Amino acid sequence: MSQYTNVLFVGDISGKSGRKAIADHLPKLKDKYNLDFTVVNAENSAGGFGITQKIVKELFDYGVDVITLGDHAWDKPEAFEIVENNHKVLRPHNYPKGTPGRGFHIYTTDKGVRIAVGNLLGRVFMSTNVDCPFQASKALHREYRMGTDYDLMILDNHTEASSEAVCLGEVWDGKASLVGGSHTHIPTADAMIKPRGTLYQTDTGMTGVYNTSLGCEFAGPVKQFETGIRQKKVIATGEGTLCGLYGKFDNDTGKCVEFKMIRTGGYLPDTEA
Ligand SMILES: [Fe+2]
Ligand SMILES: [Fe+2]
């Protein structure tokens, strides 16, 4: 068995163009980086709002292993059934007790590597009243240990404020293999291996159409800023960019040994060209 596991974490897939970017680029990334495991945030995959049963199947058909969500998890009513019945689709872990579904689960790859995936929702500048993600992290740390209960861990750090994201990243350093940010839809340039071996990036970026308002046409959001009155948001069409974070991890330690910020297709400069 190889000593290493190759993982790709992909930020918020937005609408049809985002899904097409996955279909167009994931196969070549799987080949190029010898990917063993792919986690995608798909909270905006259904026309910008939520997820559907059909899209879950579509993303798994493209070769995705686990889907994470965020504050948009519940935009489509069928989400409740999806997260309840499909253990490969995670909603944020720190929703109150009794919320359907789960936000932390341990999977085993074809090669026998145990990979935990978690999804946490921030509270700063978020309209959701979820439980504290820091206390939720502490509870997970009391219950599970990297190297004992799982070999690797991927955490979707779904926060609005970079201050909250970096601090959540810090409390997971050495306890997760990869802490990838999602939610802001803008990739940050700070991917790094932290002192205890965790691969961290504040936001891995949206997988969707750039030069838009977070994947939506500008007209509605600009008018909303001009008038202060909520406007309808329309998902943008065009070529999407796949944005994500690739990491290579040592199966014995769970630590990152190599990484790359990925941006391919669409409007942003291509790291894979
Ligand atoms: Fe979000
Ligand atoms: Fe999002």
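As the structure lists them, so they are numbered: ligands from 1, and atoms in each ligand from 1. For clarity, every value in this text was computed on a predicted model and none was experimentally measured. We use all heavy atoms of the structure for the numbers below, so side chains are in, but hydrogens, waters and symmetry mates are not.
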Within the stated cut-off of 2.8 Å, is an N/O/S atom of His183 closer than that to the Fe ion (ligand 1)? yes
Can a salt bridge be assigned to the pair Lys260 and Glu272 using a cut-off of 4.0 Å between side-chain N and carboxylate O? yes
Looking at Tyr107, is Lys88 sitting on its ring face, NZ or CZ under 6.0 Å from the six-membered ring centre and within 45 degrees of the normal? no
Please state whether the separation between the Fe ion (ligand 2) and some N/O/S atom of Met206 is under 2.8 Å? no
Does Asp12 bring an N, O or S atom to within less than 2.8 Å of the Fe ion (ligand 1)? no
Which word best sums up how the rings of Tyr33 and Tyr246 line up, parallel for under 30°, tilted for 30 to 60°, or perpendicular for over 60°? tilted
Side chain to side chain contact (heavy atoms under 4.5 Å, CB included) for Met126 and Asp71? Distances and angles first, verdict last. CA-CA 8 Å; Met126 281 276 193; Asp71 51 311; 4.2 Å; yes
Give a yes or no on whether a salt bridge exists between Asp36 and Lys111, defined as a side-chain N under 4.0 angstrom from a carboxylate O. yes
For the Fe ion (ligand 1), the nearest N/O/S atom on Asp71 is atom OD1
So does Glu43 have any N/O/S atom less than 2.8 Å away from the Fe ion (ligand 1)? yes
